[in-house]
Amino acid sequence: MPPLHLRRAAVAVSAAALLPLALTACSSDSKDSSSGSTASAAKTSPSAAASDSMDMNEPFGPACSSVPKDGAGSFAGMAKDPVATAASHNPALSTLVAAVKKAGLVDTLNNAQNITVFAPTDDAFAKIPQADLDKLLADKEQLTKVLTYHVVGRRLAPQQLDKGSFATLAKSELTTSGSGLAYTVNDNSKVVCGNVPTANATVYIVDTVLMPPQ
């Protein structure tokens with residue numbers, strides 16, 4: 001065979017030998033790239049899950065936007081104080097705070113450990129006819145019963161409110177229902193700012209005063 005033909009044949013053989021190696025390398029690069037994408041997705045997925053979980057651990061609800069951003073009445077400030085003291089720094093809870101003082105429950109609430117308080121706003125108390133409210137505030141025994149009906153003897157996370165029944169300090173049950181970030185207590189009192197931490201309690205601010213069963 002002439003020398004030129006020999007060189008061409010050698011080049012063809014070399015190319016044929018190198019082609020499988022090139023294909024193998026490309027396949028390996030593709031797998032590495034795919035693996036890298038999968039690993040990247042795996043890394044971001046737990047982060048997203050953690051973010052969702054973190055959101056559920058924070059205060060939620062439409063009335064939360066009115067809470068001061070800083071100072072003793074802010075979420076960070078309330079978290080440092082026991083519940084009765086913390087509530088006194090929130091302007092929307094002034095009627096509740098006055099009622100707690102009239103009933104002599106400030107120390108009881110501040111010294112309790114790991115409780116949940118469903119705290120009615122001033123607007124919630126305003127739904128009660130004034131004559132009835134004045135009568136309630138003047139009757140310490142009945143007032144104590146109503147206020148302690150708003151207190152559960154353990155901390156409740158939002159997820160526990162989906163469909164719950166809980167014993168209160170008034171020795172009667174209240175019920176909760178809902179899902180996500182929307183919850184109702186006793187079928188008629190909506191949580192307007194929930195999962196608010198204080199030093200010794202978790203607070204769910206509600207829009208209607210809860211009345212214990214007679």
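Only heavy atoms go into these numbers, but all of them, side chains included; no hydrogens, no water, no symmetry mates.
Each side chain to side chain donor-acceptor pair (under 3.5 Å) pair with one or both residues in residues 69-80, not counting sequence neighbours, would appear here, but there are none.
Taking all atoms of both residues into account, the shortest heavy-atom contact from Gln214 to Gln142 is NE2-NE2, 4.5 Å. In terms of heavy atoms, Gly194 sits closest to Cys64 at N-SG, 4.2 Å. The heavy-atom pair separating Lys190 from Asp207 by the smallest distance is N-OD1, 2.8 Å. Of all the heavy atoms in Thr144 and Ala103, the pair that sits closest is OG1-CB, 3.7 Å. Of all non-hydrogen atoms in Met78 and Gly73, the two that sit nearest each other are SD-O, 3.8 Å. When all heavy atoms of Ala201 and Val83 are compared, the closest pair comes out as CB-CB, 3.8 Å.
In terms of hydrophobic clustering, with Ile, Leu, Val, Met, Phe, Trp and Tyr side chains grouped at heavy-atom distances under 4.5 Å, Leu137 and Val209 are assigned to a common cluster. Linking Ile, Leu, Val, Met, Phe, Trp and Tyr residues whenever their side-chain heavy atoms come within less than 4.5 Å places Ile115 and Val196 in a single cluster. Following chains of ILVMFWY side-chain contacts shorter than 4.5 Å, one cannot reach Leu109 starting from Leu156, and the two form parts of different hydrophobic clusters. Cluster membership for Val152 and Val100, using ILVMFWY side-chain heavy atoms within less than 4.5 angstrom, is not shared. A single hydrophobic cluster is not seen to contain both Val206 and Leu93; linkage of ILVMFWY side chains at heavy-atom distances under 4.5 Å, directly or through other members, places them apart.
Going from atom CG of Leu169 over to atom CG of Leu147 covers 11.0 Å, rounded to the nearest 0.5 Å. Considering CZ of Phe75 and CG of Asn195, their distance stands at 9.5 Å, rounded to 0.5 Å. The line from CZ of Arg155 to CD of Gln113 is 8.5 Å long, rounded to the nearest 0.5 Å. Rounding to the nearest 0.5 Å gives a distance of 10.0 Å between CG of Leu105 and CG of Leu96. To the nearest 0.5 Å, the span separating NE2 on His150 from CE on Met211 amounts to 7.5 Å.
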Would you be so kind as to tabulate the donor-acceptor pairs closer than 3.5 Å made by side chains of residues 119-126, with sequence neighbours excluded?
from	atom 1	to	atom 2	distance (Å)
Thr121	OG1	Asp123	N	3.4
Thr121	OG1	Ala124	N	3.1
Asp122	OD1	Ser94	N	3.1
Asp122	OD1	Ser94	OG	3.3
Asp122	OD1	Thr95	N	2.8
Asp122	OD1	Thr95	OG1	3.1
Asp122	OD2	Ser94	OG	2.7

Can you give each donor-acceptor pair under 3.5 Å made by side-chain atoms of residues 160-168, sequence neighbours left out, with the distance rounded to 0.1 Å?
from	atom 1	to	atom 2	distance (Å)
Gln160	OE1	Ala157	N	2.8
Asp162	OD1	Tyr183	OH	3.1
Ser165	OG	Glu173	OE1	2.8
Thr168	OG1	Ala170	N	3.2
Thr168	OG1	Ser172	O	2.7

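If you run side-chain contact (heavy atoms from CB on, under 4.5 Å) between Tyr204 and each of Val191, Val117, Thr176, Val185, only Val191 comes through. Checking Val203, Asn110, Asp81, Thr85 one by one against Thr198, the side-chain contact (heavy atoms from CB on, under 4.5 Å) holds for a single residue, Val203.
The main-chain N or O of Lys135 is never found under 3.5 Å from a side-chain atom of Asp139 such that the two would form a donor-acceptor pair.
In this structure the side chain of Cys193 never reaches within 4.5 angstrom of the side chain of Ser65, judged on heavy atoms. Counting heavy atoms from C-beta outward, Leu136 and Asp132 have side chains that stay 4.5 Å or more apart. Between Phe118 and Ser189, every side-chain heavy-atom pair lies at or beyond the 4.5 Å cut-off.
The number of heavy atoms from other shown groups lying within 6.0 Å of NZ (Lys127) is above 12.
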